[in-house]
Novice: 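My questions will all concern the structure given below.
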Amino acid sequence: MKIASFNINGIKARINALTEWLAAANPDLVVLQEIKTIDEGFPTDHFADLGYNVETHGQKGFNGVAILSKLPLEDVTCGLPGDDADEQARYIEATVVGERAVRVAGLYLPNGNPAPGPKYDYKLAWMERLRLRAAELLKTEMPVVMLGDFNIIPEPRDAAEPGEWVKDALFLPESRAAFRRIAAQGWTDAIRSRDPFGTRGPFTFWDFQAGAWRRDNGIRIDHLMLSPQAADILIECGVDKEVRAGEKPSDHVPVWVDIAA
DNA sequence: ATGGTAGTCTTACTA
């Protein structure tokens, strides 16, 4: 079962790029971030015609997450538990049943800039809520794939120019510690696990500004976190870097994992 | 110190 994550930065602007990537990569399930539309504005019928079941958790103008899945989705829940007053659409979970049931948690973690400030406080509070939810997911002892745009650069080797990020919410020590605290519950960072001693990249995001793509000034912020039961059945994973060179690209590229499920 | 680019349904805000 091939499970992917793609921050598309606006479904209206990215419908062609997403459709082309789906045809090329043929994922069984993909979680999307930054759909930037309300549920009613999502082109559900278009993706249904391509053979995908569609679940959306949208919001007007900003944020918004979704799941496209060839296999039926069960027990879909929208929103990260822990704050009923949080109106930002950044989290969706579902169970997908192939040869066995897999719980998928798709997330768009707050950016947090500028730091310090209220946006950074929201990021850290959101990560604490995610830590609690992640612990609950591990308790199920199901294969769980928790994936999406984490807006976290875990280590200096995950940035082409780490020095440019030292005051950024994506790389501040407190951000990285919060991410590490979740990972240390028992999650495997799939991409890093395939190249544990790698010294640079692979990157998943290149800013639209300042020629970042041309200069390969990227960062790795889209992550595939596997529960122990999911890590045990890991076959392969990857980053579809070539998508960034396509027509009207997102600033992120897809990341994917293939598991025996 | 600043700017650089892209998306949304704003004429600002987010990233």
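Every chain is numbered from 1, with letters handed out A, B, ... down the list of sequences.
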Novice: Figure out the CD/P separation between A/Gln59 and B/dC13, and round it to whole Å.
Specialist: 16 Å
Novice: Using a 4.0 Å heavy-atom cut-off across all strands, classify A/Phe205 as base, sugar-phosphate, or nothing.
Specialist: nothing
Novice: Taking B/dA6 as the reference, what is the distance to B/dT2 when you measure between their P atoms (whole Å, please)?
Specialist: 23 Å
Novice: Rounded to the nearest Å, what distance is computed from the CD atom of residue A/Glu34 to the P atom of nucleotide B/dG7?
Specialist: 11 Å
Novice: If you measure from the C1' atom in B/dG3 to the same atom in B/dA15, how many Å do you get, rounded?
Specialist: 15 Å
Novice: Between B/dT5 and B/dA1, how far apart are the two P atoms, rounded to whole Å?
Specialist: 22 Å
Novice: Nearest to the side chain of A/Asn9 - B/dG7, B/dA15, B/dT10?
Specialist: B/dG7
Novice: Could you check how far CG of A/Asn217 sits from P of B/dA15, rounded to whole Å?
Specialist: 20 Å
Novice: If you assign A/Ile38 and A/Gly112 each to the DNA chain B nucleotide with the nearest heavy atom, which residue ends up on the more 5' nucleotide?
Specialist: A/Ile38
Novice: Which residues pass the side chain to side chain donor-acceptor pair (under 3.5 Å) test with A/His57, sequence neighbours left out?
Specialist: none
Novice: Can you tell me the distance, in whole Å, between the OH atom of A/Tyr120 and the P atom of B/dT14?
Specialist: 18 Å
Novice: Could you check whether A/Asp189 pairs with A/Arg220 (Lys NZ or Arg NE/NH1/NH2 to Asp/Glu carboxylate O, under 4.0 Å)?
Specialist: yes
Novice: Please classify the nucleic acid contact of A/Arg215 as base, sugar-phosphate, or nothing, using heavy-atom distances under 4.0 Å.
Specialist: nothing
Novice: A/Lys60 has an atom NZ; how far is it from atom P of B/dT8, in whole Å?
Specialist: 14 Å
Novice: Quick check for you: to the nearest 0.5 Å, what is the distance between A/Leu124 atom CG and A/Leu130 atom CG?
Specialist: 12.5 Å
Novice: Round to the nearest Å and state the distance from A/Gln209 atom CD to B/dT14 atom P.
Specialist: 15 Å
Novice: From CG of A/Leu170 over to P of B/dT14, roughly how many Å is that when rounded to an integer?
Specialist: 16 Å
Novice: Strictly below 4.0 Å, heavy-atom distances to any atom of DNA chain B: list the hits from residues 11-21 of chain A, or just say none.
Specialist: A/Lys12, A/Ala13, A/Arg14
Novice: For A/Trp206 and A/Asp216, test the side chains for any donor-to-acceptor distance below 3.5 angstrom and give the result as yes or no.
Specialist: yes
Novice: Look at the side chain of A/Lys248 and decide which nucleotide, out of B/dA15, B/dG7, B/dT10, has an atom nearest to it.
Specialist: B/dG7
Novice: Nearest 0.5 angstrom please: A/Glu93 CD to A/Met146 CE, how far?
Specialist: 10.0 Å
Novice: Pairs of donor and acceptor atoms involving the side chains of residues 173-181 of chain A, under 3.5 Å and at least two apart or interchain, shall be tabulated with distances.
Specialist:
from	atom 1	to	atom 2	distance (Å)
A/Ser175	OG	A/Tyr120	OH	2.7
A/Ser175	OG	A/Ala169	O	2.6
A/Arg176	NE	A/Pro154	O	3.2

Novice: Once you round it to whole Å, what is the distance between C1' of B/dT5 and CZ of A/Arg214?
Specialist: 13 Å
Novice: Would you say A/Lys119 places a side-chain N or O within less than 4.0 Å of OP1 or OP2 belonging to B/dT14?
Specialist: yes
Novice: Using the closest heavy atom to pick a nucleotide of DNA chain B for each, name whichever of A/Asn151 or A/Pro249 lands nearer the 5' end.
Specialist: A/Pro249
Novice: Please measure how far the C1' atom in B/dG4 lies from the corresponding atom in B/dC9, and state the result in whole Å.
Specialist: 24 Å
Novice: Between A/Arg133 and A/Glu136, is there a salt bridge with N-O shorter than 4.0 Å?
Specialist: no
Novice: Check every atom of B/dA15, B/dT8, B/dT10 against the side chain of A/Asn63 and return the nucleotide holding the closest atom.
Specialist: B/dA15
Novice: Between A/Phe171 and A/Ile219, is any pair of side-chain heavy atoms under 4.5 Å apart?
Specialist: no
